[in-house]
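Hydrogens, waters and symmetry mates are skipped; everything else that's a heavy atom, side chains included, is used.
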Amino acid sequence: MPPRAGRHAVWPDRIRPEVVAAVAAAGIEHPWAHQARAAEHALDGDSVVVATGTASGKSLAYLVPVLSTIMDGAEAPNGRGATALYLSPTKALAADQCRSVKELSHPLGHSVRAAVYDGDTPFEEREWIRQYGNYVLTNPDMLHRGILPSHPRWSSFLKSLKYVVIDECHTYRGVFGSHVAQVLRRLRRLCARYGASPVFLLASATAAEPAVAARRLTGLPVLEVADDASPRGELVFALWEPPLTELHGEKGAPVRRTATAEAADLLTDLTVQGVRSVAFVRSRRGAELISVISQERLAEVDRSLSRRVAAYRGGYLPEERRALEQALHSGELLGLAATNALELGIDISGLDAVVIAGYPGTRASLWQQAGRAGRSGQGALAVLVARDDPLDTFLVHHPEALFDRPVESTVLDPDNPYVLAPHLCAAAAELPLTDEDLDLFGPASEGLLPQLEAAKLLRRRTRAWHWTRRERAADLTDIRGEGGRPVQVVETGTGRLLGTVDAGAAHSTVHEGAVHLHQGRTYLVRSLDLEESVALVEEAAPPYSTVARDTTSISVLETDVEVPWGDGRLCFGSVEVTNQVVSFLRRRLITGEVLGETKLDLPPRTLRTRAVWWTVTEDQLDRARINPEILGGSLHAAEHASIGLLPLFATCDRWDIGGVSIPLHPDTLLPTVFVYDGHPGGAGFAERAFHTARTWLTATRQAIASCECDAGCPSCIQSPKCGNGNDPLHKRGAVRLLTVLLEGAPEEKQREDEAAGGEAPDDATPGGEAPGEQAPGGVASRQSPGDPAGSSEGPPAP
């Protein structure tokens, strides 16, 4: 990718000269054009989103007007006439930004009092921050659970609130983004109560329609600055497909060397050559594994080099995170294996190379990670190492899908009843909820209030709805959709707390017999106590990793939209999914060879969510030459491949969604393939799949047909999550089946017209489990989100 020259501008003359001087003292004489434009909008009182590339100076674009306004407010009699609130998706990013603000504002004296307020903040500091802080950095979790429910203690801060900064706003997608959207509406409501109307300043990676996404997130009109005027050095971007090994996987399929092993080799080579590098991997376990392999290989070259590589992921204790961040800043570390906890804006400038172990799920994340490489104006290297699955294989063989297509739109649905209901309760607990408030929370709120009253959560008195319970309303929901309190991982011999695992992932990552990695050390889980949320582990050195498998059944609750596809049907609606982790595989390290399977006895969990599904008739099966012997395998193969390709069309990854394929489903009475959202109430992914079904399933058919294998492999129809060993699967049958199905597909504009008006069910009740992929007859599976892929990282609930 060729270099690009920068375009300078001047700061608006309304910026205080002390602030311009402080920025100049930091080595920045003139802003880039997009920084100046964003500052101008902020000073005009217009909410604005800056959506430019990594390392383009987005932070300065919002910091300069914020600091200038805080300086104005410092002249008020109480010294705090203007305040600003900064929100980041991770604690690490907030801590990093606080360091940057303090360095930049040092010449301004005590006028700017920046402080982090999150779950790690000592209690003795919290009162000082509430009384005197004028630039408070926190995360949406703390805003939801700590600040808004205690708003009377924050009244002087909220009364003077001029700006709300939302950093890395492209990460607020799906269920998490929908929750954050409602938290921001609660914040706006309380600000209005105290007479404030803050301007929202949002920073985003390059994204499609950033102003539209920002408006859905904040509920306000938002202007857009997306013309990146910063310079960029040449970026060499390599697509790297690991070689085939002599090993054979399930059903004799050929096996490629793992992306984890390849990335570890690359990180080792780069470190030996003194190249500052980060290897991004999608799972916590993958980050630990790359770090361990790289350290071992570096020790063979030079023992001192092994100490210059480490892992960085969520789930570490606060002091461990801070020490790693400091070592990275100081240059003590040369190489880092990191999850997306490090992707999100932490200042790790000065990197020469980025290795991305597996497609990160969205093009937005890919460019965010690749953009970390490159010192000011110098060339850099980015390498995408493909995993052995349909999507990664498709991308390395179709680079145009990465380089010639715009990044995705951000998908979120604040009107999701599972999301909205608990926030209406939380809002009523903060201040009684009136009819005038309902416009703020969206059109679905009016219909939910009677249900909340029937559930004895709210009560109407005169003109307002009141919270009726003794417990805290904010505790009704976990905004990250993690489904309960985190499971503590405790070492048996010492009683030492190693870290935590999200409740939703515990069944598949810290079940009895699971391998757990922490700070380069390997542990075996001896027991999992679900009632106490504790997993007991002891240090061990097994020559394998573990992968959970589960079973799933699905039933249709309500069909919102049904569109004819020839004789078949494409549907969208509400479903109930029952899931149970039933066993785990032991896989040899590096090669991935399966060593054995062990049964587990864990309770089932249910999930009410949204799904897209399609059916085919006997006539269509006849035309596709699908007889009963290969029907199950053909459906199953089409389901696996379609789940693998959906992230190209919706802002999700394979681990956000699940699937089921059944030769005769009891609700449709036809052969049916389901793809569902892995979050209570849905996350918008299945709906996106419904609206792009023709393009999505066409790409699925192409991916299967173009694969060079004979009978199916991980690059086309085999799934890493499949609970019954990827059996049965029929590759050629899947191609013929999709060909016949697509012959009857209407044009997408026509189907959108037919589908207009679908609504969420109003009888939904919360449940929760992560998604799986299901084989015919009701057997489904999910690989543990810990290996090789995973979920977004972020701060634990404060």
Side-chain angles (χ1 to χ4, degrees), residues 87-94 118-120 138-149 166-184 186-187 217 282-284 313-316 318 321 339-341 343-344 361-362 365 410-414 416 418-423 426 472-488 499-509 533 605 607 609 651-653 655-657 677-685 766-771 785-786 789-798:
L87 294 176
S88 87
T90 67
K91 291 179 180 178
L93 176 54
D118 62 22
D120 296 342
T138 188
N139 53 64
D141 311 72
M142 194 57 152
L143 184 61
H144 163 62
R145 290 183 183 274
I147 296 175
L148 298 182
I166 304 176
D167 207 354
E168 306 292 350
C169 68
H170 61 282
T171 62
Y172 299 124
R173 60 180 177 86
V175 168
F176 179 41
S178 303
H179 276 296
V180 173
Q182 291 299 350
V183 171
L184 294 177
R186 286 163 49 202
L187 171 65
L217 185 64
R282 294 175 22 157
S283 72
R284 296 178 177 189
R313 61 171 176 80
Y316 282 171
R321 288 200 305 268
T339 58
N340 66 346
E343 169 195 328
L344 301 175
T362 65
S365 278
T410 302
V411 177
L412 60 122
D413 178 17
N416 178 338
Y418 289 83
V419 170
L420 178 56
H423 289 287
R472 287 163 40 94
D475 293 338
L476 283 178
T477 188
D478 177 347
I479 66 171
R480 291 181 189 266
E482 288 159 357
R485 60 181 170 140
V487 172
Q488 295 184 314
T500 59
V501 173
D502 300 335
H507 284 219
S508 53
T509 57
S533 294
R605 292 182 285 185
L607 165 73
T609 186
T651 314
C652 67
D653 60 38
W655 309 86
D656 286 324
I657 49 182
D677 290 343
H679 301 273
F685 308 137
E769 168 56 350
S791 56
S792 300
E793 303 270 348

With [X] via side-chain contact (heavy atoms from CB on, under 4.5 Å) - residues at least two apart:
{"X": "Ser178", "value": "Leu412, Asp413, Val419"}
{"X": "Ile147", "value": "Tyr117, Thr138, Leu143, Trp154"}
{"X": "Ala506", "value": "Val487, Val510"}

Closest heavy-atom contact between [X] and [Y]?
{"X": "Pro422", "Y": "Leu476", "value": "CB-CB, 4.0 Å"}
{"X": "Tyr172", "Y": "Val180", "value": "CD2-CG2, 3.8 Å"}
{"X": "Lys91", "Y": "Asn139", "value": "CG-ND2, 3.9 Å"}
{"X": "Thr90", "Y": "Ser88", "value": "O-OG, 2.5 Å"}
{"X": "Leu217", "Y": "Cys169", "value": "CD2-CB, 4.2 Å"}
{"X": "Pro140", "Y": "Pro89", "value": "CD-CA, 4.5 Å"}

Quick one: [atom1] on [X] to [atom2] on [Y], what's the gap to the nearest 0.5 Å?
{"X": "Phe685", "Y": "Ile657", "atom1": "CZ", "atom2": "CD1", "result": "8.5 Å"}
{"X": "Asp478", "Y": "Asp141", "atom1": "CG", "atom2": "CG", "result": "7.5 Å"}
{"X": "Ser365", "Y": "Arg282", "atom1": "OG", "atom2": "CZ", "result": "9.5 Å"}

Do [X] and [Y] touch side chain to side chain, with heavy atoms closer than 4.5 Å?
{"X": "His144", "Y": "Gln182", "value": "no"}
{"X": "His679", "Y": "Thr609", "value": "no"}
{"X": "Asp167", "Y": "Leu87", "value": "no"}
{"X": "Thr339", "Y": "Ser283", "value": "no"}

Sorted by chain and residue number, the side chain to side chain donor-acceptor pair (under 3.5 Å) partners of His423 (sequence neighbours excluded) come out as His179, Arg186
